[in-house]
Amino acid sequence: MPIRPIAPADHMALLALWQRTPGLQLRDEDGYEPFCAYLARNPELSLLIELDGRIVASLLVGHDGRRGYLQHLAVDQTCRGRGFARALLDEALARLARLGIGKSHVFVLRDAPLAQTFWSAQVGWERRSDIQVYSTRRSSE
Ligand SMILES: CC(C)(COP(=O)(O)OP(=O)(O)OC[C@H]1O[C@@H](n2cnc3c(N)ncnc32)[C@H](O)[C@@H]1OP(=O)(O)O)[C@@H](O)C(=O)NCCC(=O)NCCS
């Protein structure tokens, strides 16, 4: 499986993959500078799969020193059902474990049915009903 870490130069191709993937929502943080800052803060953790020079799958991976956080798991529609998402997850969780991060989370929109069925079906993942996520935003000054 041709998995490799995501590099800053992959940004344009990844944006294209994310934009053509229904169910993924792009945010300000998907712009080039925050993307690069995220990669630098979490080196060698975010991963992609490349086939014949074309990026067909991605997973953004970071941690805060206690827990891992996964975002933007996307597999090109033409490449689904071939184990690409599973391979990215296995590799990412192995890399996090080597850093001492044994537990990871993924936030999944309630109204993303494909993502919900995917995550519900993943062995070893527990859908949490005991946690409600609260979010806030503050701009830098
Ligand atoms: C969800 C997604 C990443 C799955 O990618 P994929 O490469 O087709 O998944 P895999 O082939 O690696 O499948 C891994 C396992 O999940 C199962 N699976 C895959 N898609 C599934 C789905 N929609 N519902 C339930 N199970 C699913 C597979 O059967 C496989 O199980 P197995 O190992 O027991 O056979 C892909 O459909 C996608 O990009 N969806 C749009 C973006 C999205 O919703 N991402 C999640 C954001 S949180």
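We count ligands from 1, going down the list as the structure has it; atoms in each ligand are counted the same way. All values derive from a computational prediction rather than experimental measurement. Values below: every heavy atom of this structure, side chains too, minus hydrogens, waters and symmetry copies.
- Scanning the protein heavy atoms around atom 48 (S) of ligand 1, the nearest turns out to be Trp119 NE1, 3.4 Å.
- Atom CG of Asp130 has more than 12 heavy atoms from other residues, nucleotides or ligands within 6.0 Å.
- The neighbour count for Glu33 CD, taken as heavy atoms of other residues, nucleotides or ligands under 6.0 Å away, does not exceed 12.
- Using a non-hydrogen distance threshold of 4.0 Å, Ala112 does not register as a contact of ligand 1.
- Around CZ of Arg41, the count of heavy atoms belonging to other residues, nucleotides or ligands within 6.0 Å does not exceed 12.
- Remark: minimum distance from atom 36 (C) of ligand 1 to any protein heavy atom is reached at Arg80 NE, 3.5 Å.
- Using a 4.0 Å cut-off between charged side-chain N and carboxylate O, Asp10 and Arg4 make a salt bridge.
- Under the 4.0 angstrom criterion, atom 29 (O) of ligand 1 counts as lacking any protein heavy-atom contact.
- In this structure, Tyr32 and His11 have perpendicular ring planes: the angle between them is above 60°, well past the 30° mark.
- For Phe107, the heavy-atom gap to ligand 1 stays at 4.0 angstrom or more.
- Remark: ligand 1 atoms within the under-4.0 Å shell around heavy atoms of Ala74 are 39 (O).
- Residue Leu114 approaches ligand 1 through these ligand atoms, each under 4.0 Å from one of its heavy atoms: 1 (C), 23 (N), 37 (O), 40 (N).
- The proximity of Ala85 to ligand 1, defined as any non-hydrogen pair under 4.0 Å, involves the side chain as well as the backbone.
- The shortest heavy-atom distance from Pro22 to ligand 1 is under 4.0 Å.
- When Gly81, Ala115, Gly83 are ranked by how near their heavy atoms come to atom 44 (O) of ligand 1, first place goes to Ala115.
- With respect to atom 26 (N) of ligand 1, the closest heavy atom belonging to the protein is Ala121 CB, 3.6 Å.
- For ligand 1, the polar-atom distance check against Cys79 finds no nitrogen or oxygen pair separated by under 3.5 Å.
- The nearest protein atom to atom 34 (O) of ligand 1, hydrogens excluded, is given as Arg86 NH2, 4.3 Å; this is a heavy-atom distance.
- The N/O atoms of Thr117, backbone and side chain alike, include one that comes under 3.5 Å of an N/O atom in ligand 1.
- For the pair Trp125/Val106, a side-chain contact is recorded, criterion being any heavy-atom separation below 4.5 Å from C-beta on.
- The shortest side-chain heavy-atom distance between Arg95 and Asn42 does not fall under the 4.5 Å cut-off.
- Protein heavy atom nearest atom 39 (O) of ligand 1, with residue, atom name and distance: Val75 N, 2.8 Å.
- The existence of a salt bridge linking Arg137 and Glu29 is confirmed by a sub-4.0 Å separation between a basic side-chain nitrogen and an acidic carboxylate oxygen.
- Contacts of Gln122 with ligand 1, taken as heavy-atom pairs under 4.0 Å, involve the side chain alone.
- Taking any N or O of Gly23, backbone or side chain, none lies under 3.5 Å from an N or O belonging to ligand 1.
- Within a 4.0 Å radius of atom 3 (C) of ligand 1, the protein has at least one heavy atom.
- Among Phe84, Trp18, Phe118, the residue whose heavy atom lies closest to atom 18 (N) of ligand 1 is Phe118.
- Considering only non-hydrogen atoms, atom 43 (C) of ligand 1 lies nearest to Leu73 out of Leu59, Leu73, Leu109.
- Ile55 places none of its side-chain heavy atoms less than 4.5 Å from the side chain of Ile49.
- Residues Ser58 and Leu17 meet the side-chain proximity criterion, which asks for heavy atoms closer than 4.5 Å.
- In this structure, a donor-acceptor pair under 3.5 Å is absent between the side chains of Arg20 and Gln77.
- Shortest contact from atom 42 (C) of ligand 1 to any protein heavy atom: Thr21 CG2, 3.5 Å.
- The pair Glu50-Arg54 fails the salt-bridge criterion, with no side-chain N (NZ, NE, NH1 or NH2) lying under 4.0 Å from an Asp/Glu carboxylate O.
- Under the 4.5 Å side-chain criterion, counting only non-hydrogen atoms from C-beta, Ile6 is in contact with Leu14.
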